[in-house]
Structure formats: structure tokens, C-alpha cells
Amino acid sequence: MNPTNNQLLLPIFFLLIIINISSSSSYLVAGGSCIPEERAALLSFNKSITFDPGNNLASWHGDDCCRWRGIRCSNHSGHVLDLRLRNPNPSSSSGQGCADTNALFGQISPSLLSLKHLRHLDLSMNCLVRPNSTLPEFLGFMYSLRYLNLSGIPFAGRIPPQLGKLSRLQYLDLGQNGVSEEMYSTDITWLTNLSQLQYISMINVNLSGIADWPHTLNMIPSLRVVRLSGCELQSANQSLVHFNLTKLEMLDLSSNGFDHPIASCWFWKATNLKYINLQWDGLVGKFPQQLGNMTSLQVLDVSYNNLNKDLVKAGELNNLCSLEILDLTGMEIIGDMTMLIEGLSSQCARKKLLELNLSQNNFTGALPNSIRRFTSLRMLDISFNNLIGSIPPGIGNLTSLVSLDLSDNDISGHLPTEVMHLLSLASLDLSSNRLSGSIPAEIGVLTNLTSLVLRNNTFSGVIREEHFAGLMGKIPDWFWSTFSQATYLDMSQNQISGSLPAHLGDMAFEQLYISSNQFTGPIPPFPRKINVLDISNNSFSGTLPPHLEAPQLQTLLMYSNRIGGNIPQSICELQLLGDLDLSGNLLVGEIPQCSEISYNFLLLSNNMLSGKFPAFLQNCTGLQFLDLAWNKFFGSLPAWIGDFRDLQILRLSHNTFSGSIPAGITNLLSLQYLDLSDNNISGAIPWHLSNLTGMTMKGFQPFSGASMSSGLVTVELSGEIPNKIGTLQSLESLDLSKNKLSGGIPSSLSSLAFLSYLNLSYNNLSGMIPSGRQLGTLSADDPSLMYIGNDGLCGPPLPKNCSRNDTLIHGYLHNDKQEFEPMTFYFGFGIGLVVGIWVVFCVLLFNKTWRIAYFRLFDKLYDRVYVFLVS
């Protein structure tokens with residue numbers, strides 16, 4: 001549901017305000033003096049709070065507790081009536097109180113029982129849990145409570161049925177927001193004791209063991225709001241003979257697992273409903289006829305269900321004259337878009353409808369011009385369908401639109417100039433269509449736009465100053481000034497030309513995507529709030545700005561341009577930068593040694609960079625992709641290169657690295673792609689290639705297009721090909737050509753079932769070429785090219801036949817030959833030496849005759865040596 005839905009629920013929740021006003025009409029905000037016993041109870045509660053990062057309880061001192069923050073007292077008796085300590089600034093990213101740095105931490109003190117006149121208790125979105133994390137039972141003995149809100153506190157365990165003793169309760173919220181611990185109940189019949197209850201929320205509380213939950217609710221006729229989203233309820237098709245919920249206005253049963261016909265649900269008898277949310281419930285079939293009688297319905301969300309695919313023809317929605325929000329997302333509905341829009345627009349709801357969400361369906365046809373009749377629409381989302389045709393000019397009549405999403409269709413033609421009338425538009429997404437032509441200059445008047453996505457179309461032309469006419473009386477230099485307050489702009493994969501504005505650094509962009517276009521010119525200073533900047537695959541030139549002042553930048557993609565010069569030292573100030581791709585440019589010099597940056601992706605290939613292997617990378621323990629290929633790097637590879645346990649792609653080819661391949665490279669357990677070709681590396685191939693488990697697991701490919709590959713061509717390798725190379729079961733490409741490898745080709749090579757490319761040419765290999773079904777499929781046109789330049793090789797596919805001796809030798813070598821592994825050798829040698837010494841010692845110890853003979857022999861040998869040396 002869209003966040004603006006909350007505005008539509010004000011009539012529903014207005015009754016809750018009335019409840020609060022009626023129960024607190026005798027409150028005072030300041031003045032008076034609180035009861036000493038109640039003050040002591042509040043101070044005891046304060047002591048149970050172990051951490052108050054927001055200083056919410058800073059005012060809790062002094063004699064008059066009625067003046068303390070969150071406290072309200074009676075104007076007549078001085079008794080505490082309200083305790084309102086809801087987290088005032090809950091983090092939008094946290095699911096519950098204990099993940100929120102603004103929350104109160106501690107536990108709910110039993111001292112609150114002394115507040116015998118307390119009517120309103122709100123501790124929501126805090127972290128007030130006991131060691132066992134259960135909801136305190138003593139809350140059920142606070143008999144004066146009318147309002148209890150504990151939502152967002154990560155309780156676990158069973159809901160105490162003692163809450164059923166709160167007979168005056170009108171509002172109860174125990175909802176959880178996706179917490180790791182689970183609160184549950186196997187019996188909610190205690191709710192029937194709350195005869196005045198109007199609001200009940202148990203979001204994400206496990207009620208899976210309760211089958212007759214609708215009957216329990218039906219016994220509380222005062223209910224107006226029921227929120228049981230994500231409660232793992234099994235069904236909603238119970239039969240209620242006597243329907244008592246005539247006051248029910250809001251019902252949220254989303255994210256349960258009903259899996260039965262929607263028409264069989266019990267709530268269709270609630271004709272006064274204003275809000276129904278059945279999202280992600282697995283419902284099937286057609287709407288019931290009773291839906292047409294729900295003339296008060298304002299919000300209907302049945303998204304992501306499996307309802308009748310011919311919903312367009314059914315017409316059950318035509319009588320919903322009060323409908324303001326309709327969400328049919330993700331239902332795979334088929335039918336003509338014109339038929340649906342015409343049907344809705346001809347009915348009474350067309351002037352009241354505020355949000356229409358039809359995305360992720362199979363609608364066909366064109367968006368009709370009759371869309372102009374929905375003059376109150378604020379949000380229109382028809383993305384991910386199969387629409388064709390052009391955008392109708394009637395779209396300009398929707399002057400209240402705040403969000404328009406037509407992405408991922410097959411819409412063609414030009415963007416109509418009528419968009420100039422959408423002055424309230426904040427978000428426009430036309431990506432992944434076939435729109436063409438120039439971006440109309442009229443778009444320049446849309447000064448409220450904060451998100452514009454035009455990627456993956458065929459827009460063309462040059463961005464001109466006409467795009468900005470009428471923008472606050474000032475004509476900016478270039479296109480982006482139109483969106484000086486925009487935080488998100490995506491125009492990638494078009495044919496747009498122009499250049500970046502010189503004042504880009506003063507703009508509000510947080511994400512800017514203009515890749516794969518025809519932009520030219522220099523790179524201006526980055527926007528100061530930018531966190532993702534993608535200007536790749538254009539024709540930008542010049543150098544990088546000397547002062548990179550973008551402290552929030554996390555991703556910088558500038559590959560495939562014409563940017564030259566050095567990488568500025570100021571890049572080290574971008575301490576949040578994790579992904580950097582400057583490949584395919586004209587950069588020179590050394591890479592700045594940024595010890596405080598921890599890269600995940602570093603791609604600098606196809607430049608003219610130089611220097612030794614960057615030493616600062618030793619700090620990048622989370623490095624996943626390193627590409628320094630086609631540069632002028634030199635020196636040896638460091639031994640610590642094996643410390644990159646997350647490294648999956650390593651490309652160092654076409655440089656002048658020298659020395660040997662570090663043995664630690666076999667510690668790269670996640671490695672999928674290795675290319676060290678065209679360097680001055682020499683020596684033997686490391687033995688323990690079987691350690692490269694990333695090349696033994698098929699399907700472990702997070703990078704699009706990445707293959708399990710090894711390229712060691714032209715690096716002057718010597719020695720033999722390790723016999724265990726066959727353990728790299730997912731290896732797809734192997735190139736060892738133009739080296740000085742000798743010996744035979746391991747027969748295990750034929751077991752590489754996914755191998756699609758092999759090149760062993762121009763080495764000193766000998767013996768018979770192993771046969772195998774996979775090797776027989778490689779280089780079908782001329783398979784002998786894989787082995788050319790090895791005079792000692794014989795057998796198919798080479799024309800040289802093997803002699804019988806060659807065959808026998810080959811078989812012996814590949815059946816009985818074992819690799820020399822130093823650690824195994826030294827371990828065996830040590831054990832043998834110790835065992836041998838102990839055998840001799842034991843024989844001499846227990847056999848007297850042998851012992852005497854041994855020492856006599858030793859004495860004679862000593863005498864002879866002595867006589868020889870004296871003479």
C-alpha cells in the first residue's frame with residue numbers, strides 16, 4: 001500500500017481521537033501536584049530504564065510529576081491518567097524497538113500497578129523487554145486502562161490471557177514489525193471479555209493454531225478496526241450465522257495463507273467496511289456479489305492473489321462509488337486496458353479515485369484517452385504489463401498526479417507535450433519502453449519532480465535551454481537544473497547528448513544514472529549528497545575533478561569514456577566508496593594508496609596506469625572483484641593475495657608482473673575467474689588447485705556473465721600440469737598456451753564436464769592425449785589446434801600415432817603416478833624416522849645378546865678409527 005493511504009484512514013481513526021478526548025477531558029498539561037505514591041511509582045519505572053539515548057526522560061525530576069514529559073494528570077484529583085512514551089522518532093529502517101537507536105532500553109516495571117487511575121499507556125516502538133522477553137502478565141491488572149499500545153516491542157512467547165481482565169479497554173495494539181522472536185497465542189477467547197474494544201492489532205503475532213478466530217471477533221460487536229496481518233491464519237471462510245460486526249470499518253488480513261475462494265470469506269457481510277487489505281493471502285476465484293453492496297468502501301487491496309484472470313470483464317467493481325484506492329498488483333489479470341479504464345471511468349468512482357495500481361499483470365492494448373476522466377488521481381501505476389500504442393494526450397488532464405509509472409511495457413511514440421500540466425508530479429518512470437524523439441521542452445516546468453527515470457528507451461536529441469522555460473523565472477545552464485531538488489534521476493540507455501552542468505556539485509542528487517548515452521564534455525564536481533553516480537559508456541573527456549567532495553558516495557561508475565590524467569589523491573576522502581569502475585579510459589600514473597577505503601569492486605582495466613601491485617588492497621578484506629588488466633603494472637604479486645577470501649574474479653592480464661605465482665593464491669576459496677595471462681610470471685603452477693572450491697561448485701555465480709575460468713597464457717610457466725586439476729569440476733575455460741609446461745596431460749582433465757574452451761598449445765607436453773566425452777566436444781572444427789606446438793604429444797586428434805611403448809608409459813604415468821606434495825613427504829619421512837629409531841632401541845633394550853654384540857661392534861669400530869687417526 002502507498003504511504004498516502006494513511007490520509008484516507010483519518011475518518012476511521014477519528015473515533016480513536018474521540019476515545020482519547022472523552023477519557024482525558026479532565027487532563028491538565030501543567031500545574032497541580034501529583035500524588036506522592038504515584039510519583040514514586042514513576043521514579044521506579046525510570047530506574048528500570050537502562051538507556052535513554054533521546055533523553056526522553058530528562059524532565060523526570062522535581063516534585064510535580066504532572067509536569068514531566070509524557071505524563072498527564074487529572075485536573076481534579078491529581079492522579080496520573082496518561083503515560084505516553086512512544087518512541088518519538090522511530091527509525092524507518094528498523095523493524096522493532098531494539099533495532100532503533102532512538103528507543104528507550106530497559107523493561108516495564110511492575111511499579112506501574114500503583115498507577116491505579118491510569119487510562120492511557122503507550123510504550124510502543126521501544127526496547128522494554130525482560131530477560132525472558134515475555135509480555136508482562138501484571139499489565140492485565142491495570143483495570144482502569146482504556147488504551148494500551150505495546151506495538152514494536154519485541155516480545156516473545158505467549159500473550160498472557162490476563163489481558164482479558166482489562167474490561168474497559170477500547171484500544172489494544174500488540175503488533176510486531178517483523179521481529180526475530182515470535183509472540184504467539186493459541187487461544188484468544190479472552191478478547192470476548194473486552195466488551196468495549198474498538199481497535200485490535202496483532203500484526204505478525206502467530207495465531208496459526210486458532211481456527212475459530214472469526215467467531216471470537218464476532219462476539220465483540222463494538223469492533224471498528226481489526227489488523228491481523230501476517231498472523232499465519234489458515235482460513236477466513238468460516239460461516240457466521242449471526243453477524244454482529246456491523247460497526248467494522250477497517251479490516252487488514254494481509255500476508256496470511258488462506259488459499260481458498262475469496263467469495264467464501266466471512267467479512268463480505270460487513271457492508272460498512274471502508275478499508276479491506278487482503279494482499280498476499282493466496283485467495284482464488286471471483287469476487288462475490290456482496291462486493292457491489294459495499295458502497296462505503298474506500299480502499300480495496302487484493303494484490304498478489306490468484307483471483308479470476310478475467311476480472312476486467314466481471315464488472316464487480318463498478319458500484320464502488322466511494323472507492324479511493326484500488327490495488328490489483330501482481331494478479332496476472334488478462335484483458336484489454338481500454339475495457340477496464342472505460343468501465344471504471346463510466347462509474348461513480350471516477351472522480352474520487354486517488355490511487356490506481358495495476359502493475360505486474362498481463363493487460364494489453366493501449367492506455368485510452370478516457371484516462372483523463374480520473375481527475376483526482378494522485379498515483380497511477382501500470383508498469384510491467386504488455387501495453388502498446390502511445391501515451392494519450394489526456395494524461396495531461398490528471399493535474400493531481402504525484403506519481404506516474406508506465407515502465408516496462410511496449411509503449412512507443414513521443415512523450416506528449418501535455419505533461420506540462422502535471423505540475424504536482426514528483427515521480428515519473430517511463431523506463432524500458434520504446435519511446436523515441438526528443439524530450440519535450442515542456443518538461444522543464446515540472447519543478448516538483450524528485451525522481452525521473454527514462455532509461456532503456458530511444459530518446460534522442462540534445463538537451464537545450466528550452467527545457468527550462470518557466471522554471472522560477474531563471475534559465476539554468478543545462479537540463480539537470482530543472483531538477484535542482486531531485487534526488488533520483490535515471491536517463492540511461494538512450495541516445496541523449498549534451499554535457500553535465502558546471503554547477504552539478506550544488507544539486508541535490510543522491511542517485512544519478514545517465515549511462516549509455518552520447519554525453520560529452522568535462523566532468524564537473526560531484527553532487528555533495530550523491531551516493532550512486534553512473535556516467536559510464538559515454539564520451540566524457542578531460543580529467544577527474546581534483547577535489548572530490550562527496551562524502552556519501554558509495555558507487556562510482558565511469559567506465560568506457562575518454563577520461564585522462566591521474567586519479568586524484570582526494571579520492572581517498574571518499575571513505576564510504578565500495579564500488580569503483582574507471583575501466584576503459586585514458587588514466588595514467590599510480591593508484592592513490594587509500595588505506596581507509598575498503599573496496600568491494602575495483603575495476604581499473606584498459607587504462608595506462610602503472611606502479612606495483614597496490615599495497616593498500618591488503619586492507620580490503622571484503623574485495624570481491626579486482627580487475628587491473630591491460631595496464632602497465634609491474635613487480636611481483638604479493639604473498640597476501642591469498643587473504644581475499646571473498647574474491648571471485650581476479651584479472652591481472654596484459655601487464656608486466658614478474659616472479660612466480662604465489663602459493664597463497666590457492667587460498668582464494670571463492671575464486672571463479674582467474675586471468676594472469678601476458679605477464680612476465682614464471683615458475684610452476686601451484687599444486688593445490690583443488691583448494692579453489694569456487695570453481696568446483698556449479699551455480700555459484702553472482703556476477704552476470706562470469707564463468708569458472710583460468711587464463712595463464714604467456715606467463716612462462718614451467719613444470720607439469722597438476723594432476724588434481726580435474727577437481728575443478730565447474731571449470732569452463734582453461735588456457736595454458738605459450739608456456740614451458742612439460743610432462744603429460746592429466747587424464748583427470750577429461751572429467752571436467754563443463755569445460756567449453758581448452759588451449760594447451762605451444763608448450764613441451766608429451767605422451768598420449770587423454771580421451772573423454774567432454775574433450776571430444778571441444779574445438780569441433782579443428783580440435784588439434786588445442787595441442788599444436790607440443791612435439792611430444794600423440795594420439796587423436798593429432799595425426800601422430802602413439803607407439804605401444806608410449807601407450808604403456810602413458811597408462812603407467814596416469815594410473816600410478818602421484819603428485820609430489822612436500823608436506824605429505826616431510827610428514828611421512830618424519831614418522832618413518834621416529835618409528836625406525838624406536839624399533840632399533842626396543843630390540844637393543846629387550847634382547848641382551850643383540851645388545852652386547854652391538855656394543856662390541858661399536859667398540860671395535862671406535863678402536864679402528866682411533867688407530868687410523870693416531871698412525
Side-chain angles (χ1 to χ4, degrees), residues 1-2 5 95-96 151-152 154-159 172-191 200-220 223 225-240 243 245 248 250-270 273 275-288 290-291 294 297 299-309 311 316 325-333 357 359-361:
M1 298 288 294
N2 192 285
N5 294 357
Q96 39 89 353
S151 61
F155 295 117
R158 185 173 66 98
I159 296 177
L172 177 60
D173 193 344
L174 304 177
Q176 304 291 292
N177 296 327
V179 296
S180 57
E181 300 292 340
E182 185 175 79
M183 189 159 58
Y184 69 91
S185 180
T186 56
D187 183 6
I188 57 173
T189 54
W190 53 269
L191 283 173
I200 175 66
S201 173
M202 293 187 179
I203 294 174
N204 290 327
V205 174
N206 189 340
L207 304 177
S208 60
I210 304 176
D212 59 348
W213 60 274
H215 294 90
T216 301
L217 297 181
N218 196 44
M219 297 174 66
I220 315 174
L223 277 175
V225 178
V226 174
R227 305 188 69 183
L228 299 178
S229 173
C231 292
E232 301 185 36
L233 300 170
Q234 303 301 309
S235 63
N237 57 357
Q238 295 84 350
S239 176
L240 302 179
F243 189 78
L245 299 175
L248 191 62
M250 176 181 180
L251 180 63
D252 184 356
L253 299 177
S254 59
S255 301
N256 285 288
F258 297 145
D259 296 323
H260 58 67
I262 191 172
S264 64
C265 293
W266 59 266
F267 46 76
W268 297 118
K269 295 181 180 180
L273 272 173
Y275 178 106
I276 301 179
N277 188 351
L278 304 175
Q279 183 185 74
W280 291 105
D281 275 332
L283 295 167
V284 298
K286 299 180 179 180
F287 283 123
Q290 294 99 312
L291 178 62
M294 305 179 79
L297 193 63
V299 178
L300 177 60
D301 186 348
V302 291
S303 57
Y304 300 104
N305 283 285
N306 299 308
L307 302 186
N308 184 11
K309 302 299 185 279
L311 189 64
E316 292 95 342
I325 296 177
L326 177 61
D327 195 336
L328 304 177
T329 302
M331 292 175 46
E332 300 183 6
I333 303 172
N357 197 330
S359 65
Q360 301 178 48
N361 284 290

- Query: How long is the gap from CE on Met202 to CG on Leu172, to the nearest 0.5 Å?
  - Reply: 6.0 Å
- Separation between CG of Asp281 and SG of Cys265, rounded to the nearest 0.5 Å: 8.0 Å
- Query: So, Asn361 side chain and Ser359 main chain: donor-acceptor pair closer than 3.5 Å or not?
  - Reply: yes
- Backbone N/O of Phe267 and side chain of Gln290: donor-acceptor pair under 3.5 Å: no
- Message: Looking at Ser235, is its backbone amide N or carbonyl O close enough to the side chain of Trp213 to form a donor-acceptor pair, meaning the two atoms are under 3.5 Å apart?
- Response: yes
- Item | Minimum heavy-atom distance between Ile220 and Thr216, given as atom pair plus value | CG1-O, 3.7 Å
- Task: Measure across Ser185 and Trp190 and return the closest heavy-atom pair with its distance rounded to 0.1 Å.
- Result: OG-NE1, 4.3 Å
- Message: Looking at Ser229 and Ile203, would you say the former's side chain and the latter's main chain have a donor-acceptor pair under 3.5 Å?
- Response: no
- Message: To check you understand the geometry: which heavy-atom pair defines the closest contact between Val205 and Gln176, and what is its length?
- Response: CG2-CG, 4.3 Å
- Item | Backbone N/O of Glu232 and side chain of Gln234: donor-acceptor pair under 3.5 Å | yes
- Which atom of Asn204 lies closest to which atom of Cys231, heavy atoms considered: N-SG, 4.1 Å
- Note on the structure: Residues passing the ring-ring contact (aromatic ring centres under 6.0 Å, His included) test with Phe287, sequence neighbours excluded, are none
- Message: Is there a side-chain contact between Ile325 and Tyr275 in this structure, where contact means two heavy atoms from C-beta onward sitting under 4.5 Å apart?
- Response: no
- Message: Set out, in order, the CA-CA distance, both residues' side-chain angles and the distance that settles side chain to side chain contact (heavy atoms under 4.5 Å, CB included) for Val284 and Asp259, then state yes or no.
- Response: CA-CA 7 Å; Val284 298; Asp259 296 323; over 6 Å; no
- Task: Drop me the distance from Asn177's CG to Ser151's OG, to the nearest 0.5 angstrom.
- Result: 7.0 Å
- Query: How many angstroms lie between CG in Asp212 and CG in Asp187, if you round to the nearest 0.5 Å?
  - Reply: 8.0 Å
- Message: Tell me if a side-chain donor or acceptor on Asn237 pairs with a main-chain N or O of His260 at a distance below 3.5 Å.
- Response: no
- What distance separates Lys286 NZ from Leu291 CG, expressed to the nearest 0.5 Å? 14.0 Å
- Query: Would you find a donor on one side and an acceptor on the other, under 3.5 Å apart, between the side chain of Asn256 and the backbone of Leu228?
  - Reply: yes
- Measure from the side-chain N and O atoms of Asn306 to the backbone N and O of Leu283, and report whether any donor-acceptor pair falls under 3.5 Å. no
- Item | Pairing residues for Ser303 by the side-chain hydrogen bond (donor to acceptor under 3.5 Å, both in side chains) criterion, not counting sequence neighbours | Gln279, Asp301
- Query: Within the distance-only criterion (no hydrogens, no angle test), does the side chain of Asn305 pair as donor or acceptor with the backbone N or O of Leu278 below 3.5 angstrom?
  - Reply: yes
- Message: If the condition is side-chain hydrogen bond (donor to acceptor under 3.5 Å, both in side chains), which residues does Tyr184 pass it with, not counting sequence neighbours?
- Response: none
- Query: Closest approach of Leu245 and Ala270, non-hydrogen atoms and distance?
  - Reply: O-CB, 4.3 Å
- Query: How far apart are the closest heavy atoms of Phe155 and Met183, and which atoms are they?
  - Reply: CB-SD, 3.6 Å
- Message: Within the supplied structure, the quantity of interest is the number of heavy atoms (other residues, nucleotides, ligands) at a distance under 6.0 Å from Glu332 CD; does it exceed 12?
- Response: no
- Query: To the nearest 0.5 Å, what is the distance between CD (Gln360) and OG1 (Thr329)?
  - Reply: 6.5 Å
